[in-house]
Amino acid sequence: MTALDWPGCENARDLGGLPTASGGKIKSGAFVRTDRIRPQGVPAVLDYGVSRVIDLRLAATECVADPSPLAGHTVYRNVSVLRDEDTVLEDLGDGLAEMYRVILDRGAANLARVLGVMAAAPPGGVLVHCHSGKDRTGLVVALALELAGVAAQEIAADYARTAIGLRPDPDATPRSRLLFAEITAETMLATLEYLRAEYGGAEPYLLAGGLDPEDIGRVTARLGAG
């Protein structure tokens, strides 16, 4: 995993180097996560060899209020993780782990679409982002990495690094500050345990959501785990 010093981005990192169960590693440059992209960061994104940017934000609200500077570019796709009616993420649960369980329960079809877009991307790197690169991005990254054979502890450790990249908002509400404190490995481990207990893991969950079985192999191959 390599932190990326991209202009305007606080939480960008290349997930290359994470070990897989087969003894390999995620390929450098294959999978990048970040917070939303600002105009000054576009050259860095394109120069990095990214061939597909997947914006996980809500199209009718977030992307209208804060359009991506890459909207209209051939690399850009907007595939929301949340349902249109779930406009306030913090309303989905009392804590991050509960919020993530709700997103998983409601969003299998949406999350399967995200992985399908990832599987169909042209040669090059895939970048996923939402607003802060924490919640929706964290779930997409977790699902893709589990498909690729990365251990839960490694997925959780990467998720926890988000707390280092993001700067707490000095004007945040007490509730937001409490949620920020939950950006821990334990939160993601609890989420992955729920995914296994309720759905059997990432692969059966995504297949039930409509992901083409062949896309499983395409995702793992592009990450270097095939």
Side-chain angles (χ1 to χ4, degrees), residues 1 3 10-11 13 15 17-21 26 31 33-35 54 56-57 80-83 86-115 118 128-169 172-209 211 216 219-220 223 225:
M1 191 284 301
E10 298 177 358
N11 188 26
R13 54 190 183 272
L15 299 167
L18 290 176
T20 66
I26 300 299
F31 197 23
R33 61 180 297 169
T34 186
D35 49 322
I54 308 176
L56 307 174
R57 299 176 301 156
S80 175
V81 165
L82 299 179
R83 305 180 308 173
D86 294 328
T87 56
V88 182
L89 196 62
E90 291 185 3
D91 286 350
L92 299 184
D94 290 333
L96 291 182
E98 183 179 348
M99 288 164 51
Y100 298 165
R101 290 194 297 270
V102 171
I103 293 171
L104 287 171
D105 289 343
R106 296 178 180 178
N110 288 352
L111 286 159
R113 277 194 289 272
V114 174
L115 271 292
M118 183 175 177
V128 295
H129 79 87
C130 50
H131 178 79
S132 61
K134 170 172 65 73
D135 305 311
R136 291 165 286 184
T137 299
L139 287 174
V140 168
V141 166
L143 290 167
L145 291 180
E146 183 172 308
L147 287 182
V150 177
Q153 290 79 6
E154 294 286 350
I155 296 171
D158 170 69
Y159 168 81
R161 290 186 182 99
T162 296
I164 300 172
L166 290 178
R167 286 174 256 170
D169 183 351
T173 64
R175 173 165 161 71
S176 293
R177 286 195 290 271
L178 286 172
L179 290 175
F180 190 91
E182 294 180 12
I183 308 172
T184 64
E186 289 73 22
T187 292
M188 183 50 70
L189 286 171
T191 302
L192 292 170
E193 177 56 35
Y194 179 79
L195 180 69
R196 286 190 293 271
E198 293 295 316
Y199 300 100
E203 182 169 339
Y205 172 80
L206 291 164
L207 291 175
L211 184 66
I216 302 290
V219 170
T220 57
L223 296 185

- Would you confirm whether Y205, through its side chain, and L143, through its main-chain N or O, come within 3.5 Å as a donor-acceptor pair? no
- Provide the closest heavy-atom pair for A152 versus L189 in the form atom of the first, atom of the second, distance. O-CD2, 3.8 Å
- State, to 0.1 Å, how close H129 and T34 come at their nearest heavy-atom pair, and which atoms those are. CB-O, 3.1 Å
- Got a sec, which residues hit ring-ring contact (aromatic ring centres under 6.0 Å, His included) with F180, two or more places apart in sequence or on another chain? none
- How close do L192 and A142 get, heavy atom to heavy atom, and via which atoms? CD2-CB, 4.1 Å
- Message: Given 3.5 Å as the limit, does a donor-acceptor pair link the side chain of T137 with the main chain of C130, or not?
- Response: yes
- side chain to side chain contact (heavy atoms under 4.5 Å, CB included) filter on D35, not counting sequence neighbours, yields C9, E10, N11, R38
- Message: The criterion is side chain to side chain donor-acceptor pair (under 3.5 Å); which residues satisfy it with Y100, sequence neighbours excluded?
- Response: D135, Y159
- Item | Closest approach of A160 to A185 (non-hydrogen atoms, all atoms of both residues) | CB-N, 3.6 Å
- Item | Counterpart residues, side chain to side chain donor-acceptor pair (under 3.5 Å), relative to T187 (two or more places apart) | T184
- Below 4.5 Å, heavy atoms only, C-beta onward: do N110 and L56 meet side chain to side chain? no
- Could you check L115 against L147 for side-chain contact (heavy atoms from CB on, under 4.5 Å), going step by step and ending with a plain yes or no? CA-CA 10 Å; L115 271 292; L147 287 182; 4.2 Å; yes
- Query: By side chain to side chain donor-acceptor pair (under 3.5 Å), which residues pair with T87, not counting sequence neighbours?
  - Reply: none
- Quick one: do I216 and L207 satisfy side-chain contact (heavy atoms from CB on, under 4.5 Å)? Show the steps, please. CA-CA 9 Å; I216 302 290; L207 291 175; 4.2 Å; yes
- CG of L223 to CE of M118: how many Å apart, nearest 0.5 Å? 4.0 Å
- Note on the structure: residues 136-151 vs salt bridge (charged side-chain N to carboxylate O under 4.0 Å, His left out), sequence neighbours excluded, gives E62-R136
- Item | Distance, nearest 0.5 Å, that separates CG of L18 from CE of M1 | 8.0 Å
- Is there any salt bridge (charged side-chain N to carboxylate O under 4.0 Å, His left out) pair reaching into residues 94-112, and which pairs are they, with sequence neighbours excluded? D86-R106
- Mind jotting down which residue pairs meet the salt bridge (charged side-chain N to carboxylate O under 4.0 Å, His left out) criterion with at least one end in residues 179-190? Sequence neighbours excluded, please. none
- Query: From L206 CG over to R113 CZ, what is the distance, rounded to the nearest 0.5 angstrom?
  - Reply: 12.0 Å
- Task: Would you mind reporting whether L92 and L82 have side-chain heavy atoms less than 4.5 Å apart?
- Result: yes
- Message: Taking salt bridge (charged side-chain N to carboxylate O under 4.0 Å, His left out) as the definition, give me every residue that meets it alongside R196, ordered by chain and number, with sequence neighbours left out.
- Response: E193
- To the nearest 0.5 Å, how far apart are CG in L139 and CG in L195? 9.0 Å
- Item | Residues which pass side chain to side chain donor-acceptor pair (under 3.5 Å) with D158, listed by chain and number, not counting sequence neighbours | R13, R33
- Task: Would you list the pairs meeting salt bridge (charged side-chain N to carboxylate O under 4.0 Å, His left out) in which at least one residue belongs to residues 148-157, sequence neighbours left out?
- Result: none
- Compare all side-chain heavy atoms of L96 with those of I183 and state whether any distance is below 4.5 angstrom. yes
